[in-house]
Structures are given as structure tokens and as C-alpha cells.
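Counting starts at 1 for both ligands and their atoms, in listed order.
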Amino acid sequence: MAEERDNQQGPGVGVVTKTQPKTRRPSLYKVLLLNDDYTPQEFVVWLLQAVFNKGPEDAIRIMLHVHQNGVGVCGVYTYEVAETKVAQVMELSRRNQHPLQCTMERE
Ligand code: TYC
């Protein structure tokens with residue numbers, strides 16, 4: 001963080017400014033899938049491929065992780081991308097009448 005002191009107000013008077021770096025890395029958010037007893041495994045595997053661009057093996061691995069541990073990370077994204085993925089999962093689940101839940105959490 002750069003500090004600059006200007007000295008145009010006479011002796012003993014100064015303004016300290018902190019200059020932000022020009023680019024700031026955006027905060028990242030984990031998209032989490034929650035387990036339930038009713039959503040079919042095949043639907044979760046399909047969804048992980050359709051929404052999160054996972055390959056079939058990764059999709060199966062993530063689904064089984066959620067099935068066994070109750071929760072799992074589907075991906076890490078900037079805020080708006082994560083928000084969109086969560087909305088897509090919730091809408092697809094609703095349309096297919098599955099209780100599948102999805103949330104996001106700052107990393
Ligand atoms: N537990 C579900 C079943 O046995 C499968 C499942 C996995 C559901 C992951 C949700 O996020 C989930 N049919």
C-alpha cells in the first residue's frame with residue numbers, strides 16, 4: 001500500500017493518502033451442494049456436468065462425496081458467476097421436483 005505525503009498546507013501540516021493498487025483480485029465463492037435422501041444420484045451427476053462443466057468422472061466423484069459427507073464443493077467462482085450457478089441448480093431442481101439444495105460461501 002503506497003503512502004504519499006503532500007505538503008501544500010504549510011509546515012507541520014500534511015495529508016496522508018493511501019493509494020489502492022490499480023487492480024484488486026475479486027473475492028471468490030465456493031458453490032456447495034447439499035445432500036438429501038430423495039434427489040436421484042443420476043440427476044446430481046447430470047447437473048454437475050451441465051451446470052459446472054465437470055467431466056463424467058469428476059461429476060461422479062463430487063456426487064459421491066456429497067452423498068457420503070453431506071456437503072461438497074462444486075466449484076469456486078466470482079460472486080456473480082457463483083450466484084448464477086446457484087440459481088441454475090435451484091431452478092433445475094425445482095423444475096424436476098427434486099429437493100436438492102445449493103448454496104454459496106465466501107472462500
Ligand atoms: N443421497 C442421494 C441419493 O442417495 C443422492 C444425492 C447426492 C443427493 C448428492 C443430493 O447433493 C446430492 N439418492
Side-chain angles (χ1 to χ4, degrees):
M1 201 77 70
E3 273 198 359
E4 294 154 1
R5 196 169 268 283
D6 83 27
N7 206 6
Q8 319 226 322
Q9 285 109 324
V13 179
V15 176
V16 178
T17 58
K18 280 191 174 179
T19 308
Q20 291 282 331
K22 281 206 186 68
T23 57
R24 310 219 57 239
R25 276 189 295 278
S27 304
L28 294 176
Y29 294 78
K30 292 182 284 203
V31 174
L32 303 172
L33 211 53
L34 307 183
N35 188 38
D36 66 72
D37 292 338
Y38 304 103
T39 305
Q41 294 194 349
E42 298 70 34
F43 179 79
V44 179
V45 171
W46 169 79
L47 186 120
L48 285 162
Q49 297 179 80
V51 176
F52 297 95
N53 308 312
K54 303 298 179 190
E57 290 178 355
D58 253 14
I60 291 167
R61 182 183 54 75
I62 294 166
M63 182 280 295
L64 286 175
H65 176 93
V66 176
H67 179 67
Q68 287 158 8
N69 297 277
V71 62
V73 178
C74 308
V76 177
Y77 307 96
T78 54
Y79 185 86
E80 286 186 336
V81 174
E83 210 180 26
T84 302
K85 303 271 186 206
V86 170
Q88 287 172 339
V89 170
M90 297 306 284
E91 176 61 14
L92 286 165
S93 301
R94 191 193 61 78
R95 276 211 312 246
N96 290 277
Q97 299 182 294
H98 298 313
L100 183 63
Q101 295 292 309
C102 184
T103 61
M104 58 194 274
E105 180 178 282
R106 193 166 160 179
E107 266 220 312

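- Nearest non-hydrogen protein atom to atom 4 (O) of ligand 1 is H67 CE1, 3.0 Å.
- Of the possible polar contacts, none joining the K85 side chain to the M104 backbone as a donor-acceptor pair under 3.5 Å is found.
- Close contacts of ligand 1 with V66, meaning ligand atoms under 4.0 Å from a residue heavy atom, involve 9 (C), 11 (O), 12 (C).
- Close contacts of ligand 1 with L33, meaning ligand atoms under 4.0 Å from a residue heavy atom, involve 11 (O).
- Y79 is connected to F52 through a chain of hydrophobic side-chain contacts under 4.5 Å among Ile, Leu, Val, Met, Phe, Trp and Tyr, so both are in one cluster.
- None of I60, V89, V66, L33 except one satisfies the side-chain contact (heavy atoms from CB on, under 4.5 Å) rule with L48; the exception is L33.
- For ligand 1, the atoms lying closer than 4.0 Å to a non-hydrogen atom of Q41 are 4 (O), 5 (C).
- Between the choices L32, L34, L64, the shortest heavy-atom distance to atom 12 (C) of ligand 1 belongs to L34.
- Under a 4.0 Å N-O distance rule, the pair R95/E91 qualifies as a salt bridge.
- A donor-acceptor pair under 3.5 Å is formed between the side chain of D36 and the backbone N or O of Y38.
- Near L100, the atoms of ligand 1 lying under 4.0 angstrom from a non-hydrogen atom of the residue are 10 (C), 11 (O), 12 (C).
- Among all non-hydrogen protein atoms, the one lying nearest atom 8 (C) of ligand 1 is N35 OD1, 3.4 Å.
- Within ligand 1, counting atoms from 1 as listed, the ones closer than 4.0 Å to a heavy atom of T39 are 2 (C), 3 (C), 5 (C), 6 (C), 8 (C), 13 (N).
- With contacts defined as side-chain heavy-atom distances shorter than 4.5 Å, the pair E83/V86 does not qualify.
- Near D36, meaning under 4.0 Å from one of its heavy atoms, ligand 1 places the atoms 1 (N), 2 (C), 8 (C), 10 (C).
- Looking at every heavy atom in both residues, A59 comes nearest to Q49 through CB-CG, 3.7 Å.
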